[in-house]
Structure formats: structure tokens, C-alpha cells
Amino acid sequence: MNDEWNQLRQQRQEKIEKLRESEIQLYAYNYPQDHTAKEVVDLLNQKDEEIGTDGEKQLEVSIAGRLLSIRSHGKSSFAHIEDRTGKVQIYFKLDILGKDMFEALDLLDLGDWLGVNGSIFRTRTGEATVQVRDWTLLSKSVRQLPLGKTQSEENSSGTVYGGFSNVEMRYRQRYADLAVNPEVREVFRSRSKIISTLRKFLDDRDFLEVETPVLQPIYGGAAARPFVTKHNSLDRTLYLRIADELYLKRLIVGGMGRVYEISKDFRNEGIDRFHNPEFTMLEFYQAFTDYNELMSFTECMLSTVVNEVKGSLELEYQGQNINFKGPFDRVSMLPAVSEILGEDAGELRPTQFYEIAKERGVQVSENWGWGKLLDKCFGELVQPSLIQPTFVIDHPSEISPLAKAHRHTPQLTERFELFIAGEEIANAFSELNDPVEQRARFEGQERMKMDGDEETHPIDEDYIRALEYGMPPTGGLGMGVDRLTMLITNQSAIRDVILFPVLRD
RNA sequence: GAGCCGGUAGCUCAGCUGGUAGAGCAACGGACUUUUAAUCCGUAGGUCGUGGGUUCGAGACCCACCCGGCUCACCA
């Protein structure tokens, strides 16, 4: 297909040439509006109630939007234009517009941006409509939008015929996707609402929003491979952050008490339904608190967000009903795995654990330690059943190098992960603040790296130095904002909640 | 990384065991001054993902590659 020159573009080009010969400007500079599309519809409803049907009093409006449909009837035409608030019907009549401006309508195309002003009325079928007194072309569309056809709004759900559904094209040309699929715009409105609600929730509780480096000399705070870049004049390797954790905790050392950051993080891993190489994470840290208090806090934060965006504590995600009314279930990792294996997993040596796990069909590796085996068994045997919001608590120390040891069980940590619909949404712990212990944990990671683990935490000497100055007891949490948005907007793929997801060339 | 499915007009899709491409919507021309998936009549539009191969002949069969989706693996 010749993308750059086809019949359709040829036809539009001819219209452009005719417009250039006329008085009509193709690309205007501005257009003063006094109403949105939604306000026009609301205004007419109000008028019906307040003024009744006298119909004499004319209400004049100026609105602007994109031309989405046009139905020509010879000496009159109906059309719909859409702005950020929705669609409204407009009506062109020869005897009102005059010959020139009426005939010039032939030079318009779907996708053009128009400003119109005129009086509002209701058609025979009851639709709020603007009778256009004059119209202004605001921007000419040279490329045909992939518009489908929508059945009329009232009582139907706006069934779309045809439409633009090719997922690859929708991601590659998100502008076209947004232009023709209002439900996609709605998803991103919800996303924005989710983020602003999170921000307000934390601001209201005296958290300080901060910005920490995206370019970092040492990456850390998570187990993942980083993107590597280089600063030319410093001749130095820098990494795009995989998490903000270690910087935010430095701020707690600095006495800032309560901090948060909503950040883009970058992980050089595979791409699938739940992973995009760049994604949005909320992390917050609060001094003088532990993971128990954080769990209550998280319940409150999530139910506030869900209620604010959905107007309810319940929602449907991919056919499952999810209820955000706290308190959420809590499942302790070690007893849960012990129960399902019928063995006290806490007493197992790694070699025994490996054999038992293998018998149960868990994909394990012979050289794994006890902690990794426990985590993997949990992930395969227990996690898939966690549909309702559930805190999984007390992870092995071996896989939690930044979490404080459990106050009663030393090989575990005070950590929780929140699972909803079988997916991890958040990860939090009582932060490890003993610099000696922290160094030992980092060294343990180094040994795992030498054993071939590619996603260990490197030793961050500066972070240890910070801990040596003294970090108060602190609870911290990281939450995947994209995944939360998927849940709340009922989208099955992370790409559907990221405006411009990463694709191949 | 592996398996399966897909890439045909601007969009959504059809094209049977190989005979050189079709519909709906959009577009273009015409009729129609309250329509709403407007209607009616007419027209045009495609290097069938890319590159090879088999064949008298390939959208279809074979091979390789590119892009996407799903599942699994890996991973949070």
C-alpha cells in the first residue's frame, strides 16, 4: 500500500486547493468558545425544565470540536462534533448559512476541527443540537481517521461498527486510537485520577513529594537488570534507575520523615502483558513505622483510590469480582507453604526442600537456597489463588536484602507483598536500618551474583554510609501504578494503560 | 527463548482442496431542508507483511525473515 499517496489523500488535496482559493483559512490560530459539548447538552436539559417549551428564547453558544460524522440532506446537513467532554450534534441549513458557506461544507472531511456558533434546539427525535449560524475551519485533516460508526447514544451502549481495533496500530498510532475510541480516552482519564488521588492521599498525611535521580551511578532497590548509558564528558557509566528506594531512604536518614515519589523506573527485561520496560512506580517511606502499620495504611490508601475512581469499593476485573473493603486477608508465606506441602518447610534443608518441591511439580533449580525455594513454592502453589486483595507476609531474608529481619523468626523478614487478581501490586517492608547487617546482606547478594544470578543487588557503599549516620525505624512501600490502573480500569494488558508502550521498530 | 494464531482497500473482515481479489463502512459524483449505523442511484480504490522457492499459474503450497497477539518459560 502506498501510504504517502493514495486516492483518498488525492481527494483531500483537491479540497485543500479549493479551500486555498477561497476565503477559508485551513489552519486557524484560535477559536473563542463559551461552552463545551457536554455543557450544551446539559444547558438544553436545563432549559427544558426551567423555561418549559416556549422555545422563543434562543440560546446562543460557541463550541469547537472534531468533525466525526456528517449526514447531508441536500439543502441541510446534520453532523456531530466532539470535544474533550463528548459529542454534540450540529445542524447546517442553507437558508441560514447562505450559499457560499453552505456549499463550502462539501470541502470538509471527517477529522477536521471546526468552531461553530449558533442556537441550541432539540430535533424531532429529541437530540440536543446546535443550529449553526456560522462555522470556522480550525484545522484541516489530510489523513483519513480510522473512524467506525456508532449507533445513536440513547438507550443503546453506542455500538461501534467497523472501528479501529488492530492492537498493533492502536499502540503505534495512539493518537488515532484516542481520536476514534472514546473508551481509550476514558482509561487514561482514570489513570490520571488514580495518580492524583494517590498524591492527595499522601499529601494530606504530610508526606513530601520529592524527585530523586533517574541517572544513577549504581542501580539498586530491586532485583532487575538495568539499562546502561554513558555520560560523555564525565566519561562515566550511568544506569537508568530500576527503583527509587535507596535514594528515598537516604532522605529518611536526612530527617525528612515522610517522603514519596511517583517515578518512571526502567528494567531491562522481557515485555509481556504485565511488563513494560519503563513503568510507573509509587514509593513512599515513613519514619517510626513498621510493616504492620503499613498494611493498614495501604488498605486505606487503596480503598480510597478505588472508591474515588469507581465510586464503589467493589470492581470487576476480567470477570472476577474484587472487593477493596479492608482489612485484606493476610497469608504468611512459611506456614502456607508448609501446609500445602504437608511438611514443616522451616525445618527443611535446601537439598530436601529441592526434592520435595520438584516432586510437587515446582520448577526449581538444584543450587537455589532455602529462601528462593520457599518463594518459588509459594509463587506456584499458593499465589494463583489470591484473587481478593491479600497481603503475603514474612518473606525469606535471602530474597529480601533491604528488609529488616523478622522480630521472631530470624531467617524471615518483615515484608509484605500485596496480591490482587493473582498479580503483585505492591511490595513493602520494615526497612533494614542496621548498617552492619545491610553490608552483610549486600555481600550475600554478591555471592549469589558469582553463582550466576544476574539480578542481584550490587553493594552501594554510599547507602551504607548513610545508614551509618542513623536511619530511624521506617516502613516503606513500592506500588506498581500501571498494574493498579489495569485493575481499576479492567484492562488485561499493561500496554492498555500506558499511552505509548514500547514496541519493536 | 519455545509453541500456537494472525498480517488482504483508509477501517473491519471474507477469499473453499492453487486459476491471477470481494463485502460493509469511509471516500468520490448525483437526489433529498429535523437526520442519526440516514436513505436511494452511480463511481473509484489493492506490488494480498518482506524476500526467496515449487508450479504453465501463488493471497492460498514450501523455506527464511519482519511485525503483532495468546500461552508457557524467564522475570516482579
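The sequence lines fix the lettering, A, B, ..., with proteins before strands; numbering per chain opens at 1.
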Whole angstrom is fine here: how far is it from [atom1] in [X] over to [atom2] in [N]?
X	N	atom1	atom2	result
A:K75	B:A31	NZ	C1'	10 Å
A:E103	B:C32	CD	P	13 Å
A:R170	B:G69	CZ	P	11 Å
A:E14	B:G45	CD	P	14 Å
A:Q173	B:G10	CD	P	12 Å
A:L94	B:U34	CG	C1'	15 Å
A:K93	B:U35	NZ	P	12 Å
A:R273	B:A73	CZ	C1'	15 Å

State which of [options] makes the closest approach to the side chain of [X].
X	options	value
A:Q7	B:A26, B:A44, B:C75	B:A44
A:S165	B:G68, B:C13, B:C75	B:C13
A:K149	B:A37, B:U12, B:U35	B:A37
A:R71	B:C75, B:A38, B:G69	B:A38
A:Q89	B:C11, B:U33, B:U35	B:U35
A:F121	B:U33, B:C75, B:U34	B:U34
A:L503	B:C74, B:C32, B:G68	B:G68
A:Y91	B:A26, B:G68, B:U34	B:U34
A:R504	B:G68, B:C75, B:C28	B:G68
A:L8	B:G10, B:U71, B:C75	B:G10

Under 4.0 angstrom between A:K99 side-chain N/O and B:U33 OP1 or OP2
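For A:K99, the contact criterion (side-chain N or O under 4.0 Å from OP1 or OP2 of B:U33) is not met.
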**Request:** Check whether any side-chain nitrogen or oxygen of A:R172 sits under 4.0 Å from OP1 or OP2 of B:G68, and answer yes or no.
**Result:**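 True: A:R172 side-chain N/O within range (under 4.0 Å) of B:G68 OP1/OP2.
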How close do [X] and [Y] get, counting heavy atoms only, and between which atoms?
X	Y	result
A:V132	A:I96	O-CG2, 3.5 Å
A:P396	A:L374	CG-CD2, 3.7 Å
A:L315	A:L487	CD1-O, 3.7 Å

Could you walk me through whether A:F284 and A:F297 pass the ring-ring contact (aromatic ring centres under 6.0 Å, His included) check? CA-CA 11 Å; A:F284 67 80; A:F297 189 90; 5.2 Å; yes
(message) So for atom CG, which belongs to A:D100, do other residues, nucleotides or ligands contribute more than 12 heavy atoms lying within a distance under 6.0 Å?
(response)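 At most 12 heavy atoms, drawn from other residues, nucleotides or ligands, come within 6.0 Å of this atom.
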Taking atom types as they are modelled, would you say the side chain of [X] forms a donor-acceptor pair with the base of [N] within the 3.5 Å cutoff?
X	N	value
A:R124	B:U34	no
A:E127	B:U34	no
A:T123	B:U35	yes
A:N166	B:U12	no

inquiry  = Could you identify the nucleotide paired to B:G1, looking across every strand shown and requiring Watson-Crick or G-U wobble geometry with both distances under 3.5 Å?
reply    =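 Base partner found: B:C72.
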Base-pairing mate for B:A31 - Watson-Crick or G-U, with both contacts under 3.5 Å
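The answer is B:U39, by the H-bond criterion.
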- Query: Just checking A:Q363: base, sugar-phosphate only, or nothing, at a heavy-atom cut-off of under 4.0 Å?
  - Reply: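 Sugar-phosphate only.
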* Asked: What does A:R225 touch in the nucleic acid at a heavy-atom separation under 4.0 angstrom: a base, only the sugar-phosphate, or nothing?
  ->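 It contacts nothing in the nucleic acid.
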Fit a plane to each ring of A:F78 and A:H73, take the angle between them on a 0 to 90° scale, and name the class: parallel (under 30°), tilted (30 to 60°) or perpendicular (over 60°).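 Geometry flag for A:H73 against A:F78: perpendicular rings.
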May I ask you to decide if A:H395's main-chain N or O and A:T413's side chain share a donor-acceptor pair within less than 3.5 Å?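 Between the backbone of A:H395 and the side chain of A:T413 there is a qualifying donor-acceptor contact (under 3.5 Å).
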